[in-house]
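Quick note on labels: first sequence line is chain A, next is B, and so on, each numbered from 1. What you see is a predicted model; the values in this text were computed from it and never measured.
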Amino acid sequence: MEIISLDNVSYSYKAYNDDGTVGECIGVEGVTLSVEEGAFVALVGHNGCGKSTLAKLLNGLLLPKSGTVRVCGLTTTDRDTLFELRKNVGMVFQNPDNQMVASIVEEDVAFGPENLGVPQPEIVQRVYEALSQVGMEQFAKSSPHRLSGGQKQRIAIAGALAIRPKVLVLDESTAMLDPLGRKEVLDVAHKLNAQGMTVVLITHFMEEVLDCSSVLVMNNGHLVAQGTPNEIFANRRLLDEVGLRAPRTVELADKLHSAGFNVDALERSAHILGGDVCQELTK
Amino acid sequence: MLRDVTFGQYYPGNSFVHRMDARIKLVLTLLFMVGIFFVQSFAVFGFVTVFLLAVIFISQVPLRSVLRSVKGIVVLLVLTAVLNVFFAKGATPAEQPLWSWWKIEIYANGLKQAAKIFLRLVYLVIGSSVLTLTTTPVDLTHAVESLLKPLRVIKFPVHEFALIMSLTLSFIPSLIEETDRIIRAQKARGADFDTGGLIKRAKAFVPILIPLLVGGFRRAEELANAMNSRCYEGATKRTCMRVMKLGWRDYVAAFVTVAFFAGIFVLYAMRGSWGGVTWLYF
């Protein structure tokens, strides 16, 4: 079932030029896409390609200048159902420090359900359920700024989960984290996806894309390609054009393949690829 | 530089005072602060001292931590006391100055007044620091929100006020971190914060304040987005996770404190009517 659908969506920012004139700066243009329920979609592209604009369009933080954005059957431009729509879209941003509203972990996670007007006993239940989903129950009473980046970002995810959304959008949520923190956040995202959550992962780390069910590639505000990770990584010309690079493991497998080794990057799922390459090399 | 501001000067503990409801603590502290202005004599100051020491003892906060708060206002204390010595006149027109030179006269009454002002200020600070030492800023915020609730009748934005307080608390650590980072970045580029006159030094802070301000606005926008994404729509139909319930401790503490200060108010109201027992009044 289709959970997110964008139909010919465009959005532009006001650009203030140095000579004092106000122009337009394209955020996204003519984007049409759809995401199936339960999918794990990666949205990639280099900086300024419109990834984050697209994310903000998904829960009505930005409203499209033209076209429609529908999530769970609700349109973002409908003011009456916007609240309902935001309940369905959990959003986690890049900087963990800038999304904490309280100085105690459990109170921060409780912010969402409090806004929904959930009765008090259920808030407590939701908070602890969300914290256990991200494995942070033991930090419920501590103050967020003492935690590591990965831990803070997991708290932010818990804050989104406490609203019980159907879609989780991670808007470059791993960009500021060290490799360990990134792994923590991605593990949580994959665990939630396995439980049925639709995940939209916005990133510029190509390694993170390997495990996704599909990839959307953006360039200069346009959606230029979509497909499985293997399809995307096989398309060298496309990657060069948009200034992206396939993960090292894929590149290595490709080189080995053309050198006559028995590894095929395209037919193998990314996860086993690493082991596969090693096996071939140690033969 | 990076002290843990979230917990302020909070002294972790599990004493009777720590476990009291923050609202009651706040109200009783206010009562205490008002009450000491009605204390007239050194004898009654003695009672207050015993009362305060008892509270500190029950709270299990070391006396040293409590007194540390007085250190911050030593200058103010001394200044106020000294000014009082010089400006107070005699208690009666007949009272002769103890010492006089040119227009400056010092009366015994002035010394007494100065000592009382000094004691009042010290007790004011100690009383409020007992509150902040045993209550986390988060609890205090909740207490303030809950106590201000009646003001909603006159359209005072109680929820927004509490939210601002709580956001301030949670952003202080990151802003301190950012200030630190900017200072180091500017130093690395040759900025000089430690030499020169007052004006030069003040000017040197401009390159710190501007990035901090710009960063603050950026943060605010991101936070607003994050709050909107989490369905924030203002105070309407909002619920709260934290429940504040009064326990037996609160009733006991409230009873004892109110009784104590009721006594002080009675003494104050009846001053002069018990001719014989002057020690209670001077």
Side-chain angles (χ1 to χ4, degrees), chain A residues 52 55-56 58-62 82-104 106-128 141-146 152 156 159-163 165 169 171, chain B residues 2-8 10 12 14 136-142 145 159-160 162-178 180-181 215-245:
Chain A
S52 285
K56 292 196 180 90
L58 288 180
N59 73 344
L61 286 176
L62 298 178
L82 189 58
F83 187 77
E84 229 16 68
L85 184 141
R86 283 186 180 155
K87 265 164 60 175
N88 287 313
V89 186
M91 185 91 87
V92 178
F93 296 92
Q94 181 173 3
N95 188 338
D97 289 323
N98 292 354
Q99 19 184 342
M100 297 285 164
V101 290
S103 43
I104 303 277
E106 59 170 7
E107 289 193 16
D108 184 73
V109 178
F111 184 72
E114 284 178 344
N115 289 335
L116 299 182
V118 172
Q120 193 271 340
E122 199 195 323
I123 296 181
V124 178
Q125 191 198 327
R126 282 189 180 208
V127 166
Y128 281 86
K141 306 273 181 201
S142 44
S143 91
H145 78 272
R146 291 199 162 173
K152 279 190 238 183
L161 289 179
I163 303 170
V169 180
D171 184 1
Chain B
L2 247 179
R3 240 167 58 85
D4 193 341
V5 197
T6 313
F7 290 102
Y10 181 64
N14 201 21
T136 59
V138 177
D139 282 332
L140 271 181
T141 313
H142 284 286
E145 177 173 15
H159 161 73
E160 283 75 8
L163 185 73
I164 290 169
M165 272 174 67
S166 139
L167 287 178
T168 310
L169 281 180
S170 61
F171 272 80
I172 286 173
S174 19
L175 284 178
I176 291 180
E177 237 170 82
E178 183 153 316
D180 235 21
R181 205 162 41 226
F217 279 113
R218 205 195 52 237
R219 262 173 211 282
E221 195 187 336
E222 278 180 34
L223 179 69
N225 275 338
M227 283 169 67
N228 272 331
S229 304
R230 285 160 79 180
C231 302
Y232 181 68
E233 294 214 312
T236 44
K237 77 175 174 174
R238 217 171 169 272
T239 47
C240 190
M241 176 170 83
R242 185 175 296 228
V243 268
M244 287 191 275
K245 246 175 80 187

K.L.:
Contact between A:Phe83 and B:Glu233 at the side-chain level, heavy atoms closer than 4.5 Å - yes or no?
P.N.:
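Contact flag for A:Phe83/B:Glu233 side chains = yes.
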K.L.:
Closest approach of A:Met100 and B:Leu223, non-hydrogen atoms and distance?
P.N.:
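Shortest heavy-atom separation between A:Met100 and B:Leu223 comes out as O-CD1, 3.9 Å.
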K.L.:
Would a 4.5 Å heavy-atom cut-off, applied to side chains only, mark B:Arg230 and A:Asp108 as touching?
P.N.:
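Counting from C-beta outward, B:Arg230 and A:Asp108 do come under 4.5 Å.
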K.L.:
Which atom pair, heavy atoms only, marks the closest approach of B:Ser166 to A:Ala102?
P.N.:
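Heavy atoms of B:Ser166 and A:Ala102 come nearest at OG-CA, 4.4 Å.
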K.L.:
Rounded to the nearest 0.5 Å, what separation is found between the OG atom of B:Ser229 and the CG atom of A:Leu58?
P.N.:
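It is 10.5 Å, given to the nearest 0.5 Å.
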K.L.:
Report the residues that fulfil salt bridge (charged side-chain N to carboxylate O under 4.0 Å, His left out) with B:Glu178, sequence neighbours left out, ordered by chain and then residue number.
P.N.:
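Partners of B:Glu178 by the salt bridge (charged side-chain N to carboxylate O under 4.0 Å, His left out) criterion, ordered by chain and then number, come out as B:Arg181, B:Arg219.
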K.L.:
How long is the gap from CG on A:Asn115 to NZ on B:Lys237, to the nearest 0.5 Å?
P.N.:
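Nearest 0.5 Å value for the CG-NZ distance: 9.0 Å.
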K.L.:
Please walk me through it: do B:Arg238 and A:Phe111 pass side-chain contact (heavy atoms from CB on, under 4.5 Å)?
P.N.:
CA-CA 10 Å; B:Arg238 217 171 169 272; A:Phe111 184 72; 3.1 Å; yes
K.L.:
Are there over 12 heavy-atom neighbours, none belonging to B:Glu160, within less than 6.0 Å of that residue's CD?
P.N.:
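Yes.
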K.L.:
Highest number of heavy-atom pairs under 4.5 Å with chain B: which of A:Val124, A:Val101, A:Val118?
P.N.:
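The candidate making the most pairs under 4.5 Å is A:Val101.
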K.L.:
Output the option from A:Val169, A:Asp171, A:Asp97, A:Val92 having the highest count of non-hydrogen pairs under 4.5 Å with chain B.
P.N.:
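The option with the most such pairs is A:Asp97.
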K.L.:
When you compare the side chain of A:Glu114 with that of B:Tyr232, does any pair of heavy atoms fall below 4.5 Å?
P.N.:
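Not touching, per the 4.5 Å side-chain cut-off.
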K.L.:
Of all the heavy-atom pairs spanning B:Cys231 and A:Ile163, show the shortest one and how long it is.
P.N.:
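Where B:Cys231 meets A:Ile163 most closely, the heavy atoms are SG-CG2, 4.2 Å.
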K.L.:
Please flag which part of A:Pro113 lies under 4.5 Å from any non-hydrogen atom of chain B: side chain, backbone, both or neither.
P.N.:
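When you check distances to chain B, only backbone atoms of A:Pro113 fall under 4.5 Å.
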K.L.:
Identify which part of A:Glu107 has an atom lying under 4.5 Å from any heavy atom of chain B, answering side chain, backbone, both or neither.
P.N.:
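Both backbone and side chain of A:Glu107 come within 4.5 Å of chain B.
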K.L.:
Please check this pair: side chain of A:Gln120 against backbone of B:Met241, looking for a donor-acceptor N/O pair closer than 3.5 Å.
P.N.:
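Yes.
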K.L.:
Going by salt bridge (charged side-chain N to carboxylate O under 4.0 Å, His left out), name the residues that satisfy it together with A:Arg86, two or more places apart in sequence or in a different chain.
P.N.:
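Per chain and number, A:Arg86 pairs via salt bridge (charged side-chain N to carboxylate O under 4.0 Å, His left out) with no residue.
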K.L.:
Tell me, side chain or backbone of B:His142 under 4.5 Å from chain A's heavy atoms, or both, or neither?
P.N.:
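The side chain, not the backbone.
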K.L.:
So which of B:Ser170, B:Ala226, B:Ala220 has the largest heavy-atom pair count under 4.5 angstrom toward chain A?
P.N.:
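Result: the option with the highest number of such pairs is B:Ser170.
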K.L.:
Output the option from A:Glu122, A:Lys87, A:Arg126, A:Glu106 having the highest count of non-hydrogen pairs under 4.5 Å with chain B.
P.N.:
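Most heavy-atom pairs under 4.5 Å with chain B: A:Glu106.
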K.L.:
Give, for atom CG of B:Asn228 and atom CG of A:Leu82, the distance between the pair rounded to the nearest 0.5 Å.
P.N.:
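Here the interatomic distance stands at 8.5 Å.
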K.L.:
Starting at CE of A:Met91, measure out to CG of B:Asn225 and round the result to the nearest 0.5 Å.
P.N.:
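Taking CE in A:Met91 and CG in B:Asn225, the distance rounds to 8.0 Å.
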